[in-house]
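Structure first, then comments.
As the structure is a prediction and not an experimental result, all values here were calculated from the model. These numbers come from the heavy atoms of this one structure, side chains and all, not from hydrogens, waters or symmetry mates.
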Amino acid sequence: MQNKLVMVGSLEGVIEVNRPPNFDKWRQIAKDFLGEDFWSDVSGMGSVNQAKADVIHSMNEVIVLIDLPGIDDIDAVDIRVEGETLFIKGRIPTAYKKHERILTERNSGTFERTIPLGVPVIRQKSRANYRKGVLEIRLPMIAAGSNPRRIRISDS
């Protein structure tokens with residue numbers, strides 16, 4: 001289907017009938033006025049982006065792949081492991097801030113993610129690599145039957 005043009009008054013009044021409206025500017029105004037907390041309370045999702053992730057179990061390690069395109073300083077990303085859960089938080093910079101956006105689909109801004117690993121892991125021997133917009137985290141599994149948190153009891 002072709003876009004139809006309708007003439008209203010002068011040439012300045014020509015509009016495209018079938019073009020979808022661009023609400024990005026209004027969304028930004030509402031976000032600036034109402035704040036981040038309003039959107040998280042109303043929608044349950046908030047405007048915090050969720051980085052897409054995969055969790056893979058190999059024979060002896062957990063591999064986590066997280067899509068984080070556009071990050072200039074990967075050291076600014078906060079990664080923590082507590083128990084069987086990986087926490088990641090950071091910021092993807094917004095490109096071309098001073099230009100008008102016609103279509104916005106790429107994530108930018110603050111992201112935060114809680115990722116279940118499914119098994120206990122050894123944090124101290126973990127390693128991470130960031131390449132081509134993908135963060136790969138490798139966490140060795142704690143062997144089944146091992147007792148990594150042994151507590152010694154002393155005689156008093």
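A distance of 9.5 Å separates CG of L139 from CZ of R127, quoted to the nearest 0.5 Å. The structure places CZ of R80 at 10.0 Å from CZ of R123, a figure rounded to the nearest 0.5 Å. We find the CG-CD1 distance between D72 and I92 to be 11.0 Å, quoted to the nearest 0.5 Å. The structure places CD1 of I79 at 6.5 Å from CD1 of I74, a figure rounded to the nearest 0.5 Å. To the nearest 0.5 angstrom, I137 atom CD1 is 8.0 Å from S126 atom OG.
Shown here for M141 and M59, the closest heavy-atom pair between the two residues is SD-O, 4.3 Å. When all heavy atoms of I66 and A53 are compared, the closest pair comes out as CG1-CB, 4.0 Å. Minimum interatomic distance between I115 and R113 (heavy atoms only, all atoms of both residues): CG1-CG, 3.4 Å. Closest non-hydrogen pair, L68 versus Y130, comes out as O-OH, 2.5 Å. Closest of all the heavy-atom pairs between H57 and V119 is CE1-CG1, 3.8 Å. The nearest pair of heavy atoms linking R101 to Y96 is NH2-O, 4.2 Å.
Applying the salt bridge (charged side-chain N to carboxylate O under 4.0 Å, His left out) test to every pair with at least one member in residues 130-139, sequence neighbours left out, gives these pairs: E61-R138, E136-R138.
Residues D78 and F87 have side chains not in contact (no heavy-atom distance under 4.5 Å, counting atoms from C-beta outward). Looking only at side-chain heavy atoms (C-beta outward), I71 and L135 stay at 4.5 Å or farther from each other.
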- Message: For L86 and V55: C-alpha separation, side-chain torsions, deciding distance, then whether side-chain contact (heavy atoms from CB on, under 4.5 Å) applies.
- Response: CA-CA 10 Å; L86 176 79; V55 177; over 6 Å; no

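For V134, the side-chain contact (heavy atoms from CB on, under 4.5 Å) partners two or more places apart in sequence, or in a different chain, are L65, D67.
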